[in-house]
Protein chains: 2
Amino acid sequence: MINNSVLETEAENKIKEAARKIFHRRGFDGARMQEIADEAQINKAMLHYYFRSKDKLFEAVFKEAAMKLFPVVILIIESDLDVDEKIKKLIHNYIDFIIDNPYVPGFVLHELTQNPERMKHFVASNVLMRPQKFFSQIQEGIDSGKYIPIAPLQLMVTIVASCIFPFVAKPMLHTLFGLDQDDFGEFIEQRKEQMTQFILNGLYKK
Amino acid sequence: MINNSVLETEAENKIKEAARKIFHRRGFDGARMQEIADEAQINKAMLHYYFRSKDKLFEAVFKEAAMKLFPVVILIIESDLDVDEKIKKLIHNYIDFIIDNPYVPGFVLHELTQNPERMKHFVASNVLMRPQKFFSQIQEGIDSGKYIPIAPLQLMVTIVASCIFPFVAKPMLHTLFGLDQDDFGEFIEQRKEQMTQFILNGLYKK
DNA sequence: GTCTATATAGGGATAGAC
DNA sequence: GTCTATCCCTATATAGAC
């Protein structure tokens, strides 16, 4: 007789994996429990057996997405690297992460916008952003005349925006500039190095 | 006797204005016809009287949003200004526009992502982006050694991202950095000038 | 644990009186 | 044109047999 706990875990994972796909693709309102069940090749009733409700299932998925999205930035930001290396690593690693998880940024941003209260307490208590070191490094560079004067948070937001935005705006790039799937892949690949150079060049004083 | 056509127009406008608010705030799936009716202080049945269906009403709202969002960029891009002036104008005007229409970018991006086909043909036929002149200007600057080598589209996307992203990520800035409403307003105001300087500095070679 | 059948609610849409 | 009542479908959720 096979241990039931193993099967249980497998079923749960299969459901969560399916839910992840559908929620990421359609958002909370757009997702259907039936579609998740189909994706998991499982009966719809089983969703409610393992996870009581759509809300609970969503919460599990959202948490994982948020926990994946933020730490990429945080770990690098808090490291001992110098500014140039941090920016280079940040852009490369972040874009690579989104290539593997293309729906995560749009999903997190949208759900956070739609229902800020639902997950705010969770994000706040689990994701502690401590950018002090990075911000200090920037400020020192400004004070020493190496960097142009810029609020560290402005720089930070610009870096993250540069990585995330192209993925959120992918349909726009397709419609307005005719970038197909392959073009987009090339565009993103090119972006890693060009953005690193552009942002570092923007930071350093002439 | 009052002319009926006037009242008709007033009712239609009241509905569209209410629909705009709700759709922008909740997206297509999240919006409720009842909520739109309440917002318009009108009976729910009247929505269907004036606009046949939720889809039709949404389409009207989406068109207006998209038609407002893109031309801001396009007009400046296609103008005869030089690169520095274009970038400065682009950032200032675009951010000012979003201050007045804070939900538009997230709305357009999300709906375009959720259902790319629904509006693609419309956007494609109504919004013609002709960035050739701007792109040529950039390329000339690169060839003459004035600018660093960067694909014009990469620059373009970065500029738009810098303007739009902070608004989409507003809840994140609130949660992670504790920016309240006033802080956010200051942040955006500061951003107009600092991003202009940062991006121009990034473009010019040392 | 897994399925079928069904309860229940919500929301888009319409019928019909006025 | 405007309202009430209601149709009807869809989607979440549960009951209950196996």
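Worth knowing before you read on, the calculation uses all heavy atoms, side chains too, and leaves out hydrogens, waters and symmetry mates. Lettering follows sequence order; numbering is per chain, from 1.
Of the listed nucleotides (D:dT14, D:dT2, C:dG1), D:dT14 has the atom at the smallest distance from the side chain of A:Arg52.
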- Item | Worked check of salt bridge (Lys or Arg N to Asp or Glu O under 4.0 Å) between A:Glu59 and A:Lys56 | CA-CA 5 Å; A:Glu59 199 174 349; A:Lys56 293 243 186 285; 5.3 Å; no

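Counting to the nearest Å, the P atom of D:dT12 and the CD atom of A:Gln34 are 9 Å from each other. Rounded to whole angstrom, the span from the NZ atom of A:Lys54 across to the C1' atom of D:dT10 amounts to 12 Å. Across the protein-nucleic acid pair, B:Glu35 atom CD and C:dG10 atom P stand 15 Å apart, rounded to whole Å. Regarding B:Ile15, its CD1 atom lies at a distance of 8 Å from the P atom of D:dT2, rounded to whole Å. A:Phe58 has its CZ atom 16 Å from the C1' atom of D:dT12, to the nearest Å. Rounded to an integer number of Å, the gap from A:Asp55 CG to D:dA13 P is 7 Å. Straight-line distance from the NZ atom of A:Lys14 to the C1' atom of C:dG1: 12 Å, rounded to whole Å. Per the geometry, CG belonging to A:Asp29 stands 18 Å off P belonging to D:dT10, to the nearest Å.
Side-chain contact between B:Glu17 and B:Glu12 is absent, with no heavy-atom pair separated by less than 4.5 Å. Using a 4.5 Å cut-off on side-chain heavy atoms (C-beta onward), B:Ile150 and A:Met195 make contact.
Applying the 6.0 Å contact sphere to CZ of A:Phe134 captures more than 12 heavy atoms from other residues, nucleotides or ligands. Applying the 6.0 Å contact sphere to NZ of B:Lys89 captures no more than 12 heavy atoms from other residues, nucleotides or ligands.
Contact annotation: A:Arg32 side-chain N/O to D:dT10 OP1/OP2 distance is not under 4.0 Å. Remark: A:Tyr50 is in phosphate contact with C:dT2, judged by side-chain N or O atoms under 4.0 Å from OP1 or OP2.
The cationic group of B:Lys68 does not satisfy the cation-pi geometry with B:Phe97, failing either the under 6.0 Å distance to the six-membered ring centre or the 45° limit from the ring axis.
DNA chain C lies under 4.0 Å from at least one heavy atom of each of the following residues of residues 36-48 of chain B: B:Lys44, B:Ala45, B:His48.
For A:Lys86, the side-chain hydrogen bond (donor to acceptor under 3.5 Å, both in side chains) partners are A:Gln137, not counting sequence neighbours.
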